[in-house]
Asker: 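Quick one: the structure is below, and I'll ask about it shortly.
Quick note: numbers below take in every heavy atom, side chains included, and nothing from hydrogens, waters or symmetry partners. These figures come from a predicted structure and were not determined experimentally. Residues: numbered from 1 along the sequence shown.
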Amino acid sequence: MAKYEQPLHEQLVDLLREKITHGLQPHDRLPSERELSKQYQVSRNTVRMALDELEMMGYIYRQHGRGTFVANRLANPTDLTTTYSFSDQMRAMGRVPHTDIVYLKLMEAPKFLVEKMHVPLGAPVYKLKRIRWADDVAMMVERTFLPAAVFPQLTTARLTNHSLYHLMQTDYNVAIQRANEAFYAGIISAKDAHRLGVPSGSPGLNVQRTTYDTRDRVVEYTLSVSRGDQFVYQVHHVNPGIAVRHPAIND
C-alpha cells in the first residue's frame, strides 16, 4: 500500500482530541464551526468532517441551536463476562432481528484506530456500517472496524449469509476470547437519526466495543449508536464471595 498521507480533517481530529483530553472538562462548549475554521485555517467542510468523526468516537455531542460540547466519556471500558450478540439478545426478547449492510469498504487506518486496534498507521482496515433491526424497527447503527490482515478478502456477500462472529470462527479460524465495552449517553446525529427513524437530536446510547481473540489481538472495534427509547443493556453482577450452589446431575 502507498505511503499514508493523513487527510486534513483527521489532522484536525487529532488536534481537537488533544485539546479535549488535556484542556477541557465534560460539557464544556467548543468554539463554533466558523471559529474553528478561522483558528485552524481550514474550510468549514473540513471542520464539519472532523466534528462528525469526534462525535462518532464519543468525544463530543451536539445540541441543536446551542452548539457542540465535550462528552462525558468513560475513562475505562467495562469488562463483560460473555460475548455479545445483538441477534441472540433480540431473539431472547422474543423479537425478530435482521441486519442491513450499508457498506463495507477498505480504508487506511487513521491515528485513532492505531490507538484502539494496535495496527500501524495506514494499515488496511475494513469499515463495516450496518443497521440493526428488530421487528422492523431500526434499533442501532454500527460502525465496525476489522483488520484486513486478519480477515483477507472479506465481502458483503459473506457477511450477508452469516453473522460476523460466525464468519470469524468458521472462515478465518478466529476464536473470540473477551470484549471490553464502554457505554455513555449521547445525542443522535442527523445522519444516524435519519437511518433510525427518529428526530435529529434524540437521546441515544453509545457503545464502544473492543473484541480480542485467543491470541489477544484486537479483531474488532465497533462504535454503536442505539435508540434510547428502544434499546436496553442488562448486566448481571455476582458476589464473588458467595459460592453458587448447583443442583446435582444424575447420569
Side-chain angles (χ1 to χ4, degrees), residues 1 7 49 52-53 55-58 83-93 95-110 112-113 116-117 119 123-176 179 181-183 186 188-198 200 202 204-213 217-233:
M1 182 170 290
M49 290 174 65
D52 285 345
E53 191 160 315
E55 186 176 35
M56 180 185 72
M57 295 161 61
T83 55
Y84 161 75
S85 166
F86 172 85
S87 297
D88 289 347
Q89 186 184 34
M90 292 301 106
R91 291 190 186 100
M93 295 169 62
R95 308 186 70 170
V96 179
H98 77 270
T99 299
D100 288 341
I101 298 177
V102 180
Y103 61 71
L104 173 70
K105 64 182 182 181
L106 193 62
M107 58 179 284
E108 296 176 329
F112 94 92
L113 286 183
K116 298 297 185 180
M117 301 181 67
V119 296
V125 173
Y126 286 107
K127 182 179 180 181
L128 171 65
K129 185 174 181 179
R130 297 181 292 179
I131 312 298
R132 312 303 293 267
W133 298 73
D135 294 338
D136 297 321
V137 176
M139 301 281 287
M140 177 190 299
V141 179
E142 283 187 344
R143 296 169 178 87
T144 297
F145 300 92
L146 304 159
V150 179
F151 306 107
Q153 300 179 339
L154 187 64
T155 64
T156 54
R158 297 170 81 175
L159 288 165
T160 300
N161 296 328
H162 301 285
S163 72
L164 178 58
Y165 289 164
H166 176 82
L167 195 67
M168 285 182 178
Q169 185 166 0
T170 59
D171 287 29
Y172 296 99
N173 197 30
V174 171
I176 303 302
E181 288 193 336
F183 304 79
I188 301 177
S189 68
K191 288 182 180 179
D192 288 343
H194 175 73
R195 294 192 179 277
L196 293 173
V198 297
S200 178
S202 297
L205 178 66
N206 298 284
V207 183
Q208 295 180 13
R209 179 181 180 87
T210 308
T211 306
Y212 299 81
D213 68 357
R217 298 178 300 180
V218 176
V219 293
E220 173 205 9
Y221 178 66
T222 293
L223 301 168
S224 303
V225 178
S226 307
R227 286 179 56 162
D229 64 335
Q230 290 281 339
F231 209 84
V232 177
Y233 273 91

Asker: Please identify each residue that fulfils salt bridge (charged side-chain N to carboxylate O under 4.0 Å, His left out) with Asp171, with sequence neighbours left out.
Answerer: Arg158
Asker: Run the side chain to side chain donor-acceptor pair (under 3.5 Å) test against Asp52 and tell me which residues pass, sequence neighbours left out.
Answerer: Arg62
Asker: Side chain to side chain contact (heavy atoms under 4.5 Å, CB included) with Asn206: which residues, sequence neighbours excluded?
Answerer: Tyr184, Val225
Asker: Please identify each residue that fulfils ring pair (Phe, Tyr, Trp, His ring centres under 6.0 Å) with His166, with sequence neighbours left out.
Answerer: His162
Asker: Suppose we screen for side chain to side chain donor-acceptor pair (under 3.5 Å). Which residues come up paired with Lys127, at least two apart in sequence or across chains?
Answerer: Tyr103
Asker: Taking C-beta and beyond as the side chain, do Arg209 and Ser224 meet within less than 4.5 Å on heavy atoms?
Answerer: no
Asker: Among all residues two or more places apart in sequence or in another chain, which pass the side chain to side chain contact (heavy atoms under 4.5 Å, CB included) test with Pro97?
Answerer: Phe86, Ser87, Met90, Arg91
Asker: List the residues meeting ring pair (Phe, Tyr, Trp, His ring centres under 6.0 Å) with Tyr126, not counting sequence neighbours, and say none if there are none.
Answerer: none
Asker: Mind checking what makes salt bridge (charged side-chain N to carboxylate O under 4.0 Å, His left out) contact with Arg143, not counting sequence neighbours?
Answerer: Asp192
Asker: Going by the rule side chain to side chain donor-acceptor pair (under 3.5 Å), which residues pair with Thr99 if we only count those two or more places apart in sequence or in a different chain?
Answerer: Arg132
Asker: Run the salt bridge (charged side-chain N to carboxylate O under 4.0 Å, His left out) test against Glu53 and tell me which residues pass, sequence neighbours left out.
Answerer: none
Asker: Quick one: side chain to side chain donor-acceptor pair (under 3.5 Å) partners of Arg130, sequence neighbours excluded?
Answerer: Glu142
Asker: Not counting sequence neighbours, which residues clear side chain to side chain contact (heavy atoms under 4.5 Å, CB included) with His98? List them please.
Answerer: Asp100, Trp133, Asp136
